[in-house]
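Okay, so here's the structure we're looking at.
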Amino acid sequence: MTQSTGSSGRDTTGTTATGTGTGTAGPARPAARAVAGTGENLRFLATHTLPTFARGFINPRPRMVRASAALRQPEWSAATLRSLRDRHGGAPVLLRGLSGPLLVLLDEPELRQFYSASVRDLAMDAPDKNAGLTVLEPSGVICSHGELREDRRRINHASLAAGDTVHPCAKEFLAVVAEEARSLTARAVLDAPEIQRSLSRMCRRIVLGDAAADDDRLTAWLSALRSEANWLGRRRKQARAARVLYARADARIAEYAAVAPAHTLGARALTRSDPDGVLDRIGQTHHWMLALDGLAPVVARTLLLLAAHPAEQDAVLGEAAADGRDMPRLRACVQESLRLFPLVPDLVRVTRAQTTWRGVPHPAGTAVLVPALFHGRDRDHVPAADLFAPGRWLAPEAAADLRLAPFGHGAAACPGANLGMLLSTAVCAEVLRRHRLAGARPTLPAAGPLPRIVDTPGIRLRLEPR
Ligand code: HEM
């Protein structure tokens, strides 16, 4: 049911859009807007917006993650979103976001519209998100718009070889993975901090070369910027210090990249042409380092899931031992771990023109949210939504399923998806090559519904030689 909100809630333009897409408006009756009432807004704020902010949008705060996991907080958010969908008949619902109107998309047709929209109309640099990301990547593609964004996207696409399942420098990257993963199996217990240390070394070597391997200080600087980004630009006093720190980190990255071997991502970025000097090729690497460091929780959660599902673990052990690159089952496990615990649980955009959603026009400047975690776990539409069922990713149609979007879809989809999958699968394989996971903390149910969040910083895995 769509909530009729009287004059304040109804579109007042006197027009009704005749289709989905940008700015189409017809002469007939206005379509009813689904606008959240005060109670719904408060509930959304309390169960979704504030907990997301408190947990940390960019650099999750370990204590808050632990608290969210203990309280099963994302379950409350899902209940809120389900209730909004039931009450408004699946229509996009206009709510109050942190700093203005926020249109929340709850049904498949709107997901289709969202992912097929042009990035010019449905832009990546939504205000709150942009205020956060600007702290750590002011000239990153994700913070850019217009022609400049397109040019920067091309640098990302080419350097990351976005269109290739196997990156042309995979051989060099996988050699780094094999070397660095040795530390992961050196002890009988593997914990999340060790996985993070190892992935951060891989990240520095893959982006900047071996000279950067030991530069923990650089990672600490980047991590401090990411923590500041969690505040979404709201801490004005800290902004200047963050700009100074960004400049220092950027200069350090540029020094490494200038002499890095040709296969590294930094060197690859520098081969792209920038005749007017405005693209900031090195500036693109800040997001890559964020994303590559972000593979550590992906690896930790995939291994945690495998520890809790011995039959799945048995199915992938053979692949891992085979020493090849083709590991479809293990790859599917990584994808499934990303569906269950997405790295980016909310996709946010901002409209740059009037857009029409389910017959209702919304003005330029409206923030639009796809709650990706909610859709990927949607019990009404996704079979075995709360179970670990990696086999679903082996079906050819899985990649096109818009509810399953660990990497997004369409024009703004992640250009590092193939590289991220290659590397995280390879790290898991290195751990499982000669070991099996004999137990893990936190304990996950082997058969029942899985929680929507786990205490990732607290993950501990028990390894046994096999
Ligand atoms: C498993 C790992 C990864 C996941 C789950 C992931 C997910 C995503 C998602 C969902 C987006 C879209 C964000 C949005 O719509 O707001 C995105 C964007 C992006 N990702 Fe990834 N990513 C991963 C790894 C990587 C890696 C390894 C790189 C590069 C080394 C990378 C580079 C990027 C870039 C540059 C964008 C911005 C694209 C644009 O604005 O056009 N990602 N990623």
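Order of appearance sets the numbers: ligands from 1, and atoms from 1 within every ligand. Just so you know, residue 1 is the first one in the sequence shown, and it goes up from there.
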Short side-chain donor-acceptor distance under 3.5 Å, [Y] and [X]:
X: N418; Y: T165; answer: no
X: W357; Y: E110; answer: no
X: R204; Y: T219; answer: yes

*Which is it for D215 and L208 under the side chain to side chain contact (heavy atoms under 4.5 Å, CB included) test, yes or no, and what are the steps along the way?*
CA-CA 10 Å; D215 198 342; L208 303 172; over 6 Å; no

**Asked** Would you call R152 and D274 a salt bridge, using N to O less than 4.0 angstrom?
**Response**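 Not counted as a salt bridge, because no side-chain N and carboxylate O are separated by less than 4.0 Å.
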
Query raised in the report: Knowing that exactly one of M202, R197, E430 qualifies, which makes a side chain to side chain contact (heavy atoms under 4.5 Å, CB included) with E180?
Result: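 Testing each of M202, R197, E430 against E180, the sole residue satisfying side chain to side chain contact (heavy atoms under 4.5 Å, CB included) is M202.
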
For side chain to side chain donor-acceptor pair (under 3.5 Å), just list the numbers for H287 and N156, CA-CA rounded to whole Å, side-chain angles, deciding distance to a tenth of an Å, and then say yes or no.
CA-CA 10 Å; H287 189 99; N156 279 266; over 6 Å; no

Looking only at heavy atoms, is any part of [X] under 4.0 Å from ligand 1, and if so is it the side chain, the backbone, or both, or is it neither?
X: L338; answer: side chain
X: V119; answer: neither
X: L423; answer: neither

Nearest to [atom], what protein heavy atom do you find, and at what distance?
atom: atom 22 (N) of ligand 1; answer: C414 SG, 3.0 Å
atom: atom 16 (O) of ligand 1; answer: K129 NZ, 3.0 Å
atom: atom 2 (C) of ligand 1; answer: L295 CD2, 3.5 Å
atom: atom 36 (C) of ligand 1; answer: P415 CD, 3.5 Å
atom: atom 26 (C) of ligand 1; answer: A291 CB, 3.3 Å
atom: atom 40 (O) of ligand 1; answer: R149 NH1, 3.0 Å
atom: atom 15 (O) of ligand 1; answer: R349 NH1, 2.7 Å
atom: atom 35 (C) of ligand 1; answer: N156 OD1, 3.2 Å

What are the atoms of ligand 1, with element, lying closer than 4.0 Å to any heavy atom of [X]?
X: L343; result: 2 (C), 3 (C), 4 (C), 5 (C)
X: I142; result: 37 (C), 40 (O)
X: L292; result: 27 (C)
X: L160; result: 29 (C), 30 (C)
X: P406; result: 5 (C), 7 (C), 10 (C)
X: R153; result: 38 (C), 39 (C), 41 (O)

### Message
For F53 and W231, take the angle between the two ring planes, folded into 0 to 90°, and tell me which bin it lands in: parallel under 30, tilted 30 to 60, perpendicular over 60.
### Response
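F53 vs W231 ring planes: perpendicular.
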
Mutual orientation of the aromatic rings belonging to H409 and Y115 [parallel < 30°, tilted 30-60°, perpendicular > 60°]:
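It falls in the perpendicular class, over 60°.
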
*So does H287 have any N/O/S atom less than 2.8 Å away from atom 21 (Fe) of ligand 1?*
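Checking atom 21 (Fe) of ligand 1 against H287, no N, O or S atom falls under 2.8 Å.
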
Does R379 CZ have over 12 foreign heavy atoms under 6.0 Å away?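 Yes, CZ of R379 has more than 12 neighbouring heavy atoms, counting only those of other groups under 6.0 Å.
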
Exercise for review: Find the distance between CE (M421) and CG (L295) and round it off to the nearest 0.5 Å.
Suggested key: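 Those atoms lie 10.0 Å apart.
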
Output yes when the distance from some N or O of ligand 1 to some N or O of S424 is under 3.5 Å, and no in every other case.
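No, there is no polar N/O contact under 3.5 Å.
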
Query - Closest candidate by heavy atom, reference atom 12 (C) of ligand 1, pool G140, A412, G408 - result: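 Nearest option to atom 12 (C) of ligand 1, by heavy atoms: A412.
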
